[in-house]
Amino acid sequence: MATNEYEGGLKMIEELTTNAEQIQDEVLREILSRNAGTEYLRGFLHGQTDKQLFKKNVPIVTYEDLKPYIDRIVNGETSDILLAEPITGSGTSGGQPKLMPVTAQVAKKWELFRGLYESPVIKYLVDINQAGKRMELMFARPEVETPSGLMATSVTTSIFKGSGFRASLPKLYTSPSETIFCPDPNQSLYCQLLFGLIQREEVVMIGSFFASTVLRAIKFLENHWQELRYDIKTGRLSHQITDSRCRNAASLVMKPNPEQADLIENICNCKSWDGIIRKLWPKARYIAGICTGVMRQYTAELEFYSGGLPLVSSLYASSEAFCGINIEPLCKPSYVSYTFLPNMAYFEFLPVKNERDESIEMKSNDEDTELVDLVNVKPGRCYELVVTNSTGLYRYKVGDVLMVSGFHNNAPQFQFVERKSVVLSVDMEKTSETDLFKAVTEAKALLNPLGFILTEYTSYADTSSVPGHYVLFWELKEKEGEHCKELDPKIMVECCFKIEESLHYTYKIYRKRNIIAALEIRVVKQGSFEALMDYCVSKGTSLSQYKKPSCIKSEEALNILDSRVTGKYFSPKSPL
């Protein structure tokens with residue numbers, strides 16, 4: 001991005017956030033004027049485009065409400081059931097089997113969004129006069145043809161296929177398109193790391209969409225660096241890479257480079273991989289990847305590998321809409337706020353009340369709570385995001401809970417709190433993703449004297465016996481450079497109790513009354529969560545979109561972890 005481009009991006013951010021209310025009204029007016037004649041909106045608006053009529057008549061919906069309409073389009077009916085613009089394909093939401101309409105505008109809007117979220121990063125972190133490439137790990141998903149002939153794939157894959165993105169690949173990225181579109185995620189990752197190492201002196205950024213993918217890549221590199229080094233030394237791609245397109249792409253750039261191979265060996269063949277990213281890519285300025293929400297648990301381990309490079313969480317986006325950008329990219333991941341861009345979609349917010357705050361009267365259903373416009377949210381309050389976009393979603397509940405942290409000009413800034421749907425519950429209590437994260441953070445500190453760190457965790461509510469109880473799967477790793485003691489069962493039991501002690505009051509009351517049984521931690525062997533990721537990817541989830549579940553719902557996923565358990569520990573007493 002040239003100087004005038006990023007300066008133009010910063011100027012546009014100021015204009016958008018200053019005129020947020022006006023722009024939001026214009027966005028809604030344009031969406032309604034274009035789509036008021038569709039079957040769906042005609043039933044509520046009767047061809048009109050009035051904002052107040054929209055707010056009064058159009059219901060708040062979830063995917064299940066829209067699924068019958070989407071199914072009709074997928075099965076061959078015209079797209080004007082939901083939107084006037086022709087549909088070019090179907091995207092999936094968050095790696096789940098939820099088909100969403102995709103139009104030609106999605107890739108164009110992404111290019112605009114990308115220019116805006118990159119502008120603050122360039123301002124603070126990149127020498128505009130320094131040429132360089134991004135080693136950004138990207139994974140396209142195979143397309144699946146629907147009965148109507150539309151191709152269904154992830155929204156990110158639709159972006160990767162866009163002409164603007166493809167044109168920028170050779171100049172800006174280390175990974176050629178052949179590696180991004182490789183159907184085998186492990187071969188794709190191997191080749192992308194190989195190209196990144198070949199061009200290591202040019203790399204100014206390492207990243208992926210999620211922080212967990214970057215961490216997965218570094219752990220993959222730990223296991224495969226010798227093979228990669230040998231490929232670079234000989235100038236020939238490993239015979240284990242069978243994808244013909246990857247092999248062809250490699251043949252165009254690979255040549256024997258024993259000097260580079262020796263450098264990589266000297267860096268990787270060491271006792272500690274502390275700071276390995278900075279050592280392998282000495283000109284890198286930052287590590288990019290979403291580090292908020294469920295990704296918070298990966299920041300400590302990434303910081304260990306980073307060598308002091310800042311972790312930059314640049315954007316907040318979903319399959320439903322591109323939403324907000326981080327205008328302070330140097331802030332710590334735990335303090336990241338996203339400034340919403342009013343031109344990306346029409347945003348409304350459903351107030352969310354803390355169910356354990358007895359001073360707040362809870363509403364019985366969404367219809368009793370009026371949605372709040374973007375510019376009218378209140379600092380310190382939590383809301384569930386509701387989106388109206390140009391691809392057929394109207395007043396759609398995304399399922400993300402956000403907290404207003406402030407304003408930039410007239411546009412609010414939000415911190416991601418949690419996915420609303422992720423809860424543990426045995427009886428009437430509800431334990432959220434945030435509740436669990438805070439409790440686990442308290443408990444894992446007890447592992448420090450033993451020389452262990454918690455690298456991964458997830459949970460599920462075991463109701464196979466009465467009373468049911470919470471189960472946490474923990475994957476542990478020895479700290480580098482330390483002589484670890486044995487995993488003391490007493491400490492693990494203490495961890496169980498510490499989690500219970502740190503959970504909310506309702507949980508503790510239910511434990512005291514034996515409505516919930518003692519919390520259990522099951523320690524799994526190293527590599528268990530990688531096996532879980534491999535399973536999810538094998539079922540169609542894109543590696544770059546994979547988010548480890550905070551709560552296990554699938555029996556298959558549960559079996560993967562249960563088959564790798566090395567120890568079980570229970571809380572010794574009630575926390576009250």
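All values derive from a computational prediction rather than experimental measurement.
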**Request:** For the pair Tyr316 and Phe414, evaluate ring pair (Phe, Tyr, Trp, His ring centres under 6.0 Å) and give the outcome as yes or no after the intermediate values.
**Result:** CA-CA 10 Å; Tyr316 168 61; Phe414 293 90; 8.3 Å; no

**Prompt:** Please walk me through it: do Ile241 and Cys191 pass side-chain contact (heavy atoms from CB on, under 4.5 Å)?
**Reply:** CA-CA 8 Å; Ile241 304 304; Cys191 291; 3.7 Å; yes

**Message:** Does Glu475 form a salt bridge (charged side-chain N to carboxylate O under 4.0 Å, His left out) with Arg564? I'd like the steps, not just the answer.
**Reply:** CA-CA 10 Å; Glu475 184 173 319; Arg564 291 166 169 80; over 6 Å; no

**His408 and Leu16: CA distance, side-chain angles, deciding distance, side-chain contact (heavy atoms from CB on, under 4.5 Å) verdict** = CA-CA 10 Å; His408 179 72; Leu16 290 171; over 6 Å; no

**Test log, rule side-chain contact (heavy atoms from CB on, under 4.5 Å), inputs Asn326 and Cys331** = CA-CA 9 Å; Asn326 178 7; Cys331 71; 4.3 Å; yes

**Request:** Evaluate the side chain to side chain donor-acceptor pair (under 3.5 Å) criterion for residues Ser238 and Glu227: first the C-alpha distance (whole Å), next the side-chain angles of each, then the deciding distance (0.1 Å), finally the verdict.
**Result:** CA-CA 7 Å; Ser238 168; Glu227 299 163 62; 4.7 Å; no

**Request:** Would you sort out whether Gln240 and Asn186 count as a side-chain contact (heavy atoms from CB on, under 4.5 Å), showing the intermediate values?
**Result:** CA-CA 10 Å; Gln240 295 185 42; Asn186 285 320; over 6 Å; no

**Prompt:** Run the side chain to side chain donor-acceptor pair (under 3.5 Å) check on Asn389 and Thr391 step by step: do they pass?
**Reply:** CA-CA 6 Å; Asn389 66 19; Thr391 59; 3.2 Å; yes

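Note on residues 168-182: pairs passing side-chain hydrogen bond (donor to acceptor under 3.5 Å, both in side chains), not counting sequence neighbours, are Arg114-Tyr173, Arg134-Tyr173, Ser175-Gln192. Within the structure, ring-ring contact (aromatic ring centres under 6.0 Å, His included) contacts touching residues 522-556 (residues at least two apart or in different chains) do not occur. Within the structure, every pair that satisfies the side-chain hydrogen bond (donor to acceptor under 3.5 Å, both in side chains) test and touches residues 250-269, not counting sequence neighbours, is listed here: Arg200-Gln260. Applying the side-chain hydrogen bond (donor to acceptor under 3.5 Å, both in side chains) test to pairs two or more places apart or on separate chains, those with a residue in residues 449-458 are Tyr298-Glu456.
Rounding to the nearest 0.5 Å gives a distance of 11.5 Å between CG of Asn223 and CD1 of Ile218. Here the straight-line distance linking atom CD1 of Ile267 with atom CG of Leu280 works out to 5.0 Å at 0.5 Å rounding. For the atom pair OG (Ser313) and OH (Tyr335), the distance works out to 15.5 Å, reported to the nearest 0.5 Å. Separating the OG1 atom in Thr566 from the CH2 atom in Trp474 is a distance of 13.0 Å, to the nearest 0.5 Å. Taken to the nearest 0.5 Å, the OG1 atom of Thr441 stands 9.0 Å off from the CG atom of Leu454. Atom CZ of residue Arg278 and atom OG of residue Ser306 lie 8.0 Å apart, to the nearest 0.5 angstrom.
A salt bridge is defined here as a Lys NZ or Arg NE, NH1 or NH2 lying under 4.0 Å from an Asp or Glu carboxylate O, and Arg236 with Asp231 fails to meet this definition. Between Lys539 and Asp534 there is no salt bridge, since no side-chain nitrogen of the basic residue lies less than 4.0 Å from a carboxylate oxygen of the acidic one.
In this structure, the side chains of Val565 and Phe473 come closer than 4.5 Å at one or more pairs of heavy atoms. Taking 4.5 Å as the limit, every side-chain heavy atom of Val471 sits out of range of all side-chain heavy atoms of Lys568. Inter-residue side-chain proximity for Met12 and Leu116 is flagged as met; some heavy-atom pair is nearer than 4.5 Å. Side-chain contact check for Cys495 versus Ile521: some heavy-atom pair is nearer than 4.5 Å. Residues Pro183 and Arg245 have side chains in contact (heavy-atom distance under 4.5 Å, counting atoms from C-beta outward). Looking only at side-chain heavy atoms (C-beta outward), Phe113 and Leu315 come within less than 4.5 Å of each other. In this structure the side chain of Leu169 reaches within 4.5 angstrom of the side chain of Met138, judged on heavy atoms. Counting heavy atoms from C-beta outward, Leu215 and Tyr305 have side chains that approach closer than 4.5 Å.
Residues Ala288 and Val214 come closest through the heavy atom pair O-CG2, 3.9 Å. Cys246 approaches Leu237 most closely through the heavy-atom pair O-CD2, 4.2 Å. The two residues Ala445 and Pro449 have their closest heavy-atom pair at O-CD, 4.0 Å. Counting all heavy atoms, side chain and backbone alike, Leu487 lies closest to Leu450 at CD1-CD1, 4.3 Å. Minimum heavy-atom separation, Ser337 to Gln415: OG-CG, 3.3 Å. Contact record, Tyr338 with Ile290: OH-CG2, 4.3 Å, taken as the closest heavy-atom pair.
Ser188 contributes no side-chain N or O that, together with a main-chain N or O of Ile180, makes up a donor-acceptor pair within less than 3.5 Å. The backbone N or O of Asp243 sits less than 3.5 Å from a side-chain atom of Gln187, completing a donor-acceptor pair. Of the possible polar contacts, one joining the Thr234 side chain to the Tyr230 backbone as a donor-acceptor pair under 3.5 Å is found. Between the Lys109 side chain and the Met344 main chain, a donor and an acceptor come within less than 3.5 Å of each other. Distance alone, capped at 3.5 Å, places no donor-acceptor pair between the Thr213 side chain and the Phe209 backbone.
Cation-pi geometry between Arg296 and Phe437 is satisfied (NZ or CZ under 6.0 Å from the ring centre, within 45° of the ring normal).
Using a 30° and 60° split on the angle between ring planes, Tyr190 and His224 fall in the perpendicular class, above 60°.
For CZ of Arg522, the number of neighbouring non-hydrogen atoms (other residues, nucleotides, ligands) closer than 6.0 Å is greater than 12. Atom NZ of Lys279 sits in a crowded spot, with more than 12 heavy atoms from other residues, nucleotides or ligands closer than 6.0 Å.
A side-chain contact (heavy atoms from CB on, under 4.5 Å) with Met205 is found for exactly one of Lys133, Glu136, Met135, namely Glu136.
Among residues two or more places apart in sequence or in another chain, the side chain to side chain contact (heavy atoms under 4.5 Å, CB included) test is passed with Lys438 by Thr434. Take Ser314 and apply the side chain to side chain donor-acceptor pair (under 3.5 Å) test, not counting sequence neighbours, and it matches no residue.
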